[in-house]
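Read the structure below first, then the notes.
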Amino acid sequence: MFSRIIQVISSLLIAAAVNAHPGHDDVVQLDQSSAIKAASGKIEDLTGEGKLDSSWLERTEAKAQLARISGRQNWTVSYVNSETNKRLELVFSMTGNFISFSETTITGIASD
């Protein structure tokens with residue numbers, strides 16, 4: 001019985017030590033302006049890697065908003081290029097990790 005109590009207490013102490021390691025308090029969450037700044041840097045990276053056309057380097061105003069994707073809050077930063085009728089969206093975690101990007105063609109609504 002005594003050894004069982006010692007095992008339980010030891011397990012609790014080990015679990016507390018594992019969860020209390022440094023670094024968790026240092027996590028900084030993005031706000032709207034820092035999400036736009038992160039997106040700007042990522043666009044430069046993606047164009048340098050050949051994954052995006054260089055026309056995105058001369059982009060207009062960005063729109064950043066929080067969006068729930070797969071149950072998690074993420075920042076979605078979007079740009080519209082009216083000359084090419086394309087929309088670029090970049091997704092970042094709340095802590096600034098790049099998740100994905102997509103480029104889509106915008107189709108206009110026909111008027112009568």
Side-chain angles (χ1 to χ4, degrees):
M1 176 74 168
F2 182 71
S3 65
R4 184 69 176 154
I5 293 172
I6 296 295
Q7 287 177 343
V8 170
I9 292 172
S10 296
S11 296
L12 291 173
L13 291 174
I14 291 171
V18 168
N19 289 326
H21 63 276
H24 285 277
D25 294 333
D26 299 336
V27 174
V28 176
Q29 293 197 350
L30 294 182
D31 59 12
Q32 190 174 33
S33 63
S34 58
I36 291 171
K37 186 175 179 181
S40 180
K42 192 61 182 177
I43 288 172
E44 292 175 10
D45 293 345
L46 292 169
T47 54
E49 295 168 8
K51 295 180 180 178
L52 275 179
D53 186 82
S54 62
S55 65
W56 287 112
L57 292 173
E58 297 176 20
R59 55 200 170 273
T60 58
E61 187 175 330
K63 179 181 176 187
Q65 61 186 11
L66 286 172
R68 189 165 296 279
I69 302 171
S70 299
R72 294 180 185 245
Q73 281 284 96
N74 294 300
W75 279 103
T76 301
V77 182
S78 59
Y79 300 88
V80 174
N81 185 334
S82 57
E83 291 179 12
T84 61
N85 290 331
K86 295 204 176 207
R87 175 186 182 92
L88 176 63
E89 286 189 343
L90 296 100
V91 180
F92 293 87
S93 71
M94 291 295 293
T95 56
N97 294 321
F98 175 70
I99 297 173
S100 66
F101 79 98
S102 64
E103 184 180 33
T104 56
T105 300
I106 303 168
T107 55
I109 300 173
S111 59
D112 293 318

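Hydrogens, waters and symmetry mates are skipped; everything else that's a heavy atom, side chains included, is used.
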| Taking Q29 for the side chain and M94 for the main chain, is one N or O donor matched with an acceptor at less than 3.5 Å? | no
| Just wondering, are more than 12 heavy atoms of other shown residues or ligands nearer than 6.0 Å to CD in E49? | yes
| Measuring from L88:CG to K42:NZ, what's the distance to the nearest 0.5 Å? | 12.0 Å
| message | Quick check against the 3.5 Å criterion: does T47 have a side-chain atom that pairs as donor or acceptor with the backbone of I43? | response | yes
| said: Using the rule that Ile, Leu, Val, Met, Phe, Trp and Tyr join whenever any side-chain heavy atoms are under 4.5 Å apart, tell me whether I106 and F101 fall into a single cluster. | reply: no
| query | Do L66 and V77 share a hydrophobic cluster, counting only Ile, Leu, Val, Met, Phe, Trp and Tyr and linking them when any side-chain heavy atoms are less than 4.5 Å apart? | reply | yes
| Are V80 and V91 co-members of a hydrophobic cluster defined by side-chain heavy atoms under 4.5 Å apart? | no
| said: The test is side-chain contact (heavy atoms from CB on, under 4.5 Å); show your working for S78 and R87 and say whether it passes. | reply: CA-CA 7 Å; S78 59; R87 175 186 182 92; 3.5 Å; yes
| said: Among I99, L46, T76, which residue satisfies the side chain to side chain contact (heavy atoms under 4.5 Å, CB included) criterion with L90? | reply: L46
| Which heavy atom of K86 sits nearest a heavy atom of W56, and at what distance? | O-CH2, 3.6 Å
| What's the shortest heavy-atom distance between A39 and Y79, and which atoms? | CB-OH, 3.7 Å
| said: K37 vs S33, test: side-chain contact (heavy atoms from CB on, under 4.5 Å). Steps then yes/no. | reply: CA-CA 6 Å; K37 186 175 179 181; S33 63; over 6 Å; no
| query | Has the side chain of W75 got a donor or acceptor atom that lies under 3.5 Å from a matching backbone atom of L30? | reply | yes
| About how many Å separate CD1 of I36 and CZ of F92, when rounded to the nearest 0.5 Å? | 11.0 Å
